[in-house]
Amino acid sequence: MSAGCFAWLRISRRMSRRGYTSAALVVSAVVGVCVLVFGQMGTFVFCGLFVVFAFFEASVRPYAVAVLLAQQEGDTGSASALINFTRTFTGVIGMFAVMAPVFSGYVNAVGWLMAGGMLMAIIAWVALLRSSMPLSGVK
């Protein structure tokens, strides 16, 4: 989803990282709810919603990784490895969660994971912005 990266380059001229990240989290949460409501209507509906989600994920990732690496003063190689491990581990947990018998189907599971994950991300983002913790490149 390289279109997201290029879109961020254009959007960054008019919008801050903080504002764009907030907007991307909210839109992604709304897309997760839309997957829950409309995702069962058909393959193209589900895929269209998922493309929107992937677009925002891809647009935020480059500068988010840069901000995370800027927090580490020394060993950025270890920080980079931790970032990539966390992404992979989250994917593995998500794949196990989709198979959980509590969901009525795969689309329903993906919708709950998208909406729930974004809700947790929004809560963490607001807490981080309100904290006194220094955050290079965002605050």
Side-chain angles (χ1 to χ4, degrees):
M1 203 76 235
S2 60
C5 301
F6 293 116
W8 165 246
L9 290 175
R10 291 195 79 143
I11 293 168
S12 66
R13 296 179 199 149
R14 296 180 303 267
M15 194 173 215
S16 69
R17 289 177 177 174
R18 184 178 178 168
Y20 185 73
T21 302
S22 299
L25 288 171
V26 170
V27 170
S28 296
V30 169
V31 168
V33 171
C34 287
V35 168
L36 284 169
V37 175
F38 304 112
Q40 302 277 347
M41 293 176 75
T43 306
F44 290 113
V45 174
F46 175 79
C47 287
L49 291 168
F50 203 85
V51 164
V52 174
F53 186 85
F55 171 84
F56 281 104
E57 187 274 333
S59 66
V60 170
R61 182 163 164 67
Y63 72 80
V65 169
V67 167
L68 288 171
L69 291 175
Q71 309 311 307
Q72 182 71 21
E73 292 180 11
D75 190 11
T76 55
S78 295
S80 175
L82 182 61
I83 291 167
N84 289 321
F85 166 79
T86 303
R87 184 177 166 104
T88 303
F89 185 71
T90 304
V92 169
I93 296 300
M95 293 188 77
F96 277 115
V98 166
M99 298 301 296
V102 298
F103 299 112
S104 61
Y106 297 126
V107 173
N108 188 286
V110 169
W112 279 110
L113 291 174
M114 289 167 70
M118 290 302 100
L119 179 62
M120 289 188 296
I122 290 168
I123 291 168
W125 179 245
V126 169
L128 184 65
L129 292 178
R130 289 185 178 177
S131 74
S132 60
M133 182 185 313
L135 190 57
S136 175
V138 175
K139 286 187 176 179

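Residue numbers count from 1 along this sequence.
Heavy atoms only, all atoms of each residue included: Met114 and Gly32 are closest at CB-CA, 3.8 Å. Minimum interatomic distance between Val35 and Gly111 (heavy atoms only, all atoms of both residues): CG1-CA, 3.6 Å. Between Ser16 and Gly19, the shortest heavy-atom contact is OG-N, 3.0 Å. Of all the heavy atoms in Arg14 and Arg10, the pair that sits closest is NH1-O, 4.0 Å.
With sequence neighbours excluded, the residues satisfying side-chain contact (heavy atoms from CB on, under 4.5 Å) with Val98 are Tyr106, Ala109, Val110, Leu113. Every residue two or more places apart in sequence or in another chain that forms a side-chain hydrogen bond (donor to acceptor under 3.5 Å, both in side chains) with Ser22 is listed here: Trp125. Qualifying side-chain hydrogen bond (donor to acceptor under 3.5 Å, both in side chains) partners for Ser78, counting only residues two or more places apart in sequence or in other chains: Asp75. Residues forming a ring-ring contact (aromatic ring centres under 6.0 Å, His included) with Phe44 (at least two apart in sequence, or on another chain): none. Not counting sequence neighbours, the partners of Tyr63 by the ring-ring contact (aromatic ring centres under 6.0 Å, His included) test are Trp8. Shown here are the side-chain hydrogen bond (donor to acceptor under 3.5 Å, both in side chains) partners of Gln40, two or more places apart in sequence or in another chain: there are none.
By the 4.5 Å heavy-atom criterion applied to side chains, Phe56 and Tyr20 are counted as neighbours. Between Met118 and Phe53, some side-chain heavy-atom pair lies under the 4.5 Å cut-off.
Within 6.0 Å of CE in Met95 there are 12 or fewer heavy atoms belonging to other residues, nucleotides or ligands.
For the side chain to side chain contact (heavy atoms under 4.5 Å, CB included) test with Leu25, the passing option among Leu119, Ile122, Val60 is Ile122; the others fail. With Thr86 as the partner, the side chain to side chain contact (heavy atoms under 4.5 Å, CB included) test is satisfied by one option alone out of Leu82, Thr88, Asn84, Ile83: Leu82.
Between the CG atom of Leu36 and the CZ atom of Phe103 there is a distance of 9.0 Å, given to the nearest 0.5 Å. Taken to the nearest 0.5 Å, the SG atom of Cys34 stands 14.5 Å off from the CZ atom of Phe50.
Linking ILVMFWY residues whenever their side-chain heavy atoms come closer than 4.5 Å, directly or via other members, leaves Val33 and Met120 in distinct clusters. Residues Val52 and Val37 share a hydrophobic cluster, clusters being chains of Ile/Leu/Val/Met/Phe/Trp/Tyr side chains in contact below 4.5 Å. When hydrophobic clusters are built by joining Ile, Leu, Val, Met, Phe, Trp and Tyr residues whose side-chain heavy atoms come closer than 4.5 Å, directly or via intermediates, Phe55 is not grouped with Val65.
Using modelled atom types, no side-chain atom of Ser80 and backbone atom of Gly77 make a donor-acceptor pair closer than 3.5 Å.
Taking the six-membered ring for Trp and thresholds of 30 and 60 degrees, Phe85 and Phe89 have nearly parallel ring planes, at less than 30 degrees apart.
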